[in-house]
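Written below as structure tokens is the structure these notes are about.
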Amino acid sequence: MNLSILIPLLNEEESLQELYSWIIKVMQSNNYSYEIIFVDDGSTDNSWNIIESFSNENPNVKGIRFMKNFGKSQALHAGFAKAKGDVIITMDADLQDSPDEIPGLYEMITAEKFDLVSGWKKKRYDSVVAKNLPSKLFNWAARKTSGVELNDFNCGLKAYKNTVVKNIEVSGEMHRYIPVLAKNAGFNKIGEKVVIHQARKYGETKFGMERFINGFLDLITIWFLSRFGKRPMHLFGAMGSLMFIIGFLLAGYIGISKLYHMYNGMKYSLITSNPWFFIALTSMILGTQLFLAGFLGEIILRTKSNEARYKVAREVNF
């Protein structure tokens, strides 16, 4: 199978018919073998009924319905697990991503041998203050932190080799950082393609300004996980050991200093009257706690279960 088109959605009943017809037109004009996977992330409108009607008339249309809204990352994770195409294309359901971009993305994966190609909405039709400027700042920070040179991490229109989506795990709100996850998994040929950004035709955006705050927090998380996610003891153990040693040496110095003064008949004060004693004690306590945090992190890492982070209510055509 050439293509899997993966579309996560939430309350997009107005745009689904137009999007579906547009994708089918592109598939037929290019003679692709394909599947379209709609992942309904807990819609409360008529979206699921529309998806079911598509699947009844076209066996290449498949659907996954969550029991409630679990988030875009979980929707992508569920779709990635089911996708069978050699190339997987992800796109949003709000018609801001153009299906006409699919052949170009497909060629970059198959002919130019990219592992992943991310869309770049160079010309946007969003609010400059509410979205464009925060997005530019966010993308700059993501480039500097991750080392992945992309101009638009947030673009939902992306293409992947099948092996990429089968070897990364998208959780929380990490869908923005799939290129970073792919790089950390060993897929280094990551490209970018300028794509058309269309103004939203129906409904309202499901993401507000809080997505940028969450995005920066997720960026810190993924930076930490990429460096210490598999070896938390290397960070917490090292920091804990250093703080404990500093505190121990300081406490030892205070004790030896008092003994010296006592032995030589010099004036001395109680150890507990010395503020440095409490600094040393605090340092040793914090060092012990950090060391234990690293040790517990190692235990959790080795015993964690891969429990599903979402619940599926229904599936069609799988």
Side-chain angles (χ1 to χ4, degrees), residues 71 73 129-130 133-149 153-154 169-177 179-181 183-185 207-307 309:
S73 291
V129 176
L133 290 178
S135 183
K136 287 181 184 297
L137 178 61
F138 166 80
N139 285 314
W140 174 83
R143 282 194 299 274
K144 295 298 180 183
T145 305
S146 68
V148 178
E149 293 298 322
F153 283 82
N154 268 321
E169 186 161 332
V170 189
S171 60
E173 293 188 29
M174 295 298 182
H175 56 274
R176 304 175 182 88
Y177 303 111
V180 183
L181 296 174
K183 181 188 175 186
N184 292 342
F207 302 99
M209 282 295 291
E210 71 275 3
R211 72 170 178 163
F212 294 109
I213 298 172
N214 295 336
F216 282 114
L217 295 175
D218 289 338
L219 186 59
I220 295 170
T221 300
I222 204 167
W223 172 84
F224 175 83
L225 291 177
S226 66
R227 285 163 173 76
F228 304 106
K230 299 296 182 186
R231 50 186 196 281
M233 194 62 169
H234 286 198
L235 176 66
F236 293 110
M239 289 174 59
S241 298
L242 179 63
M243 289 190 70
F244 184 87
I245 290 170
I246 291 172
F248 182 80
L249 292 175
L250 186 57
Y253 172 77
I254 294 169
I256 292 171
S257 177
K258 180 179 179 180
L259 290 174
Y260 176 80
H261 282 74
M262 289 175 64
Y263 181 78
N264 290 284
M266 300 168 66
K267 185 180 179 181
Y268 63 90
S269 60
L270 293 173
I271 288 178
T272 52
S273 299
N274 190 335
W276 284 104
F277 169 76
F278 296 100
I279 295 173
L281 186 63
T282 302
S283 180
M284 286 190 288
I285 292 172
L286 289 177
T288 303
Q289 290 180 330
L290 284 170
F291 187 89
L292 288 174
F295 182 68
L296 291 173
E298 292 283 347
I299 294 174
I300 293 169
L301 192 65
R302 284 160 173 71
T303 59
K304 71 172 184 176
S305 62
N306 293 316
E307 182 183 352
R309 296 173 298 277

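In what follows, residues are counted from 1 in the order of the sequence shown.
- In this structure, F248 CZ and S241 OG are separated by 13.5 Å, a value rounded to the nearest 0.5 Å.
- By the 4.5 Å heavy-atom criterion applied to side chains, R143 and F153 are counted as neighbours.
- The local environment of CZ in F295 is sparse, with at most 12 non-hydrogen atoms from other residues, nucleotides or ligands closer than 6.0 Å.
- Here the closest non-hydrogen pair linking A280 and G247 is CB-O, 3.4 Å.
- The main-chain N or O of I279 is never found under 3.5 Å from a side-chain atom of S283 such that the two would form a donor-acceptor pair.
- The two residues N154 and N139 come nearest to each other via the heavy atoms N-OD1, 4.1 Å.
- In terms of modelled atom types and a separation under 3.5 Å, the side chain of T282 and the main chain of F278 share a donor-acceptor contact.
- N274 contributes a side-chain N or O that, together with a main-chain N or O of W276, makes up a donor-acceptor pair within less than 3.5 Å.
- Atom-to-atom distance recorded for L281:CG and I254:CD1 is 10.0 Å, nearest 0.5 angstrom.
- The distance from atom CE of M243 to atom CG of L286, rounded to the nearest 0.5 Å, is 4.5 Å.
- With values rounded to the nearest 0.5 angstrom, E149 atom CD is found 7.0 Å from K144 atom NZ.
- In terms of heavy atoms, L181 sits closest to E169 at CD1-O, 3.7 Å.
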